[in-house]
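Ligands are counted one by one from 1 in listed order, and the atoms in each one are counted from 1 as well. Quick caveat: nothing in here was measured; it's all calculated off a predicted structure.
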Amino acid sequence: MIPTITAFANSPDRGRGQARDMRVRWALEEVGQPYDVRLVSFAEMKQPAHLAVHPFGQIPTYEDGDLALFESGAIVLHLAERHAGLLPDDANARSRAIAWMFAALNTLEPPIVELGMATMFERDRSWFAERLAMLGDRVRTRLGELSRRLGGADWLDGAFSAGDLMMVTVLRRLHISGLLDEYPDLSAYAARGEARPAFRRAFDAQLAVFTAASRS
Ligand code: GTB
């Protein structure tokens with residue numbers, strides 16, 4: 001059976017691959033699992049049919065037979081555990097790769113999202129410049145720490161893993177801010193992820209949704 005994921009019918013990022021279906025698409029491509037996509041509007045996401053799968057009325061979701069999942073991290077972990085290619089065989093290395101997934105989602109992504117939200121929604125506030133500087137420094141702290149740990153290696157812990165997949169999707173959210181450019185090793189790390197054929201296929205698939213929507 002081919003799993004079905006959900007994605008934005010009209011992604012506000014205009015096909016830049018910033019929405020969280022991108023990481024699920026990428027994982028599916030890495031493991032060679034074909035998939036279908038159900039495109040949903042913002043209104044449809046809040047309807048009972050979608051809320052039955054995603055309690056918070058968001059994308060992405062993943063449905064495969066009896067299994068319905070939400071949360072991009074849970075979906076990527078599910079795929080990585082059931083297919084070869086995204087987690088090492090060695091039990092300790094596997095746990096470390098999963099720790100990097102959590103680090104991406106719990107330690108790096110929150111300040112990066114906070115910075116993005118402030119940039120989008122708080123520009124007209126009197127305290128915007130001060131807050132932006134503070135949020136930028138919080139992100140820089142994490143990037144500095146990540147850069148030190150990466151230590152010039154290609155990937156975070158040996159071979160490419162679901163930990164790198166998740167970390168690269170999180171770092172990509174900084175492209176617009178220019179902050180990632182302050183860390184050439186992390187820029188190169190993200191670019192290595194983006195150069196993977198599976199990433200390219202996933203990116204092109206989500207871009208095709210935007211291109212088709214903008215033509216209609
Ligand atoms: N923790 C959940 C997960 O990891 O799956 C978060 C899911 C989530 O935030 N989904 C967003 C959503 O459905 C889309 S990805 N939002 C609609 C809603 O809440 O009503 C977040 C996102 C949206 C848009 C951009 N963008 O335009 O650049 C980037 C990221």
Best match, Gln58, Met120, Glu71: closest heavy atom to atom 19 (O) of ligand 1 = Gln58
message = Between Ser72 and Arg23, is there a side-chain donor-acceptor contact under 3.5 Å, judged purely by atom types and distance?
response = yes
inquiry  = Tell me the protein heavy atom at minimum distance from atom 20 (O) of ligand 1, and give that distance in Å.
reply    = Lys46 NZ, 2.7 Å
message = Rounded to the nearest 0.5 Å, what separates atom CD in Gln18 from atom CZ in Arg173?
response = 6.5 Å
request  = If you have a sec, work out which protein heavy atom is nearest atom 13 (O) of ligand 1 and how many Å separate them, to one decimal?
outcome  = Ile59 N, 2.9 Å
request  = Work out whether the distance between some heavy atom of Phe56 and some atom of ligand 1 is less than 4.0 Å.
outcome  = no
request  = For Arg14 and ligand 1, answer yes if some heavy atom of the residue is under 4.0 Å from a ligand atom, otherwise no.
outcome  = no
request  = Can you measure from CZ (Phe128) to CG (Leu135) and round to the nearest 0.5 angstrom?
outcome  = 9.0 Å
message = I need the atoms of ligand 1 closer than 4.0 Å to a non-hydrogen atom of Phe42, numbered in the order shown.
response = 17 (C)
task = Just jot down the ligand 1 atoms closer than 4.0 angstrom to any heavy atom of Pro60, in number order.
result = 5 (O)
inquiry  = Return the closest protein heavy atom for atom 14 (C) of ligand 1 as residue, atom name and distance.
reply    = Phe8 CZ, 3.4 Å
query = Taking the side chain as C-beta and beyond, is there a heavy-atom pair between Gln33 and Pro3 under 4.5 Å?
reply = yes
Co-members of Met1 in a cluster of I, L, V, M, F, W and Y side chains, linked at under 4.5 Å = none
ask   = What protein heavy atom sits nearest atom 30 (C) of ligand 1, and how far away is it?
value = Arg173 NH2, 3.4 Å
ask   = Considering Gln18, His54, Met166, which one's heavy-atom position lies nearest to atom 29 (C) of ligand 1?
value = Gln18
Nitrogen or oxygen atoms of Asp13 and ligand 1 under 3.5 Å apart = yes
Selection from Met22, Arg20, Glu109 by shortest heavy-atom distance to atom 15 (S) of ligand 1 = Arg20
Distance, nearest 0.5 Å, that separates OH of Tyr189 from CG of Leu150 = 6.5 Å
query = Within the side chain of Glu81, is there an N or O that forms a donor-acceptor pair under 3.5 Å with the backbone of His78?
reply = no
request  = Run down the list Ser11, Ser72, Ala19 and name the one with the heavy atom closest to atom 5 (O) of ligand 1.
outcome  = Ser72
query = Within a reach of under 6.0 Å around CG of Asp124, are more than 12 heavy atoms found that belong to other residues, nucleotides or ligands?
reply = yes
message = Which label fits Phe56 and Phe70: parallel for a plane angle under 30°, tilted from 30 to 60°, or perpendicular past 60°?
response = perpendicular
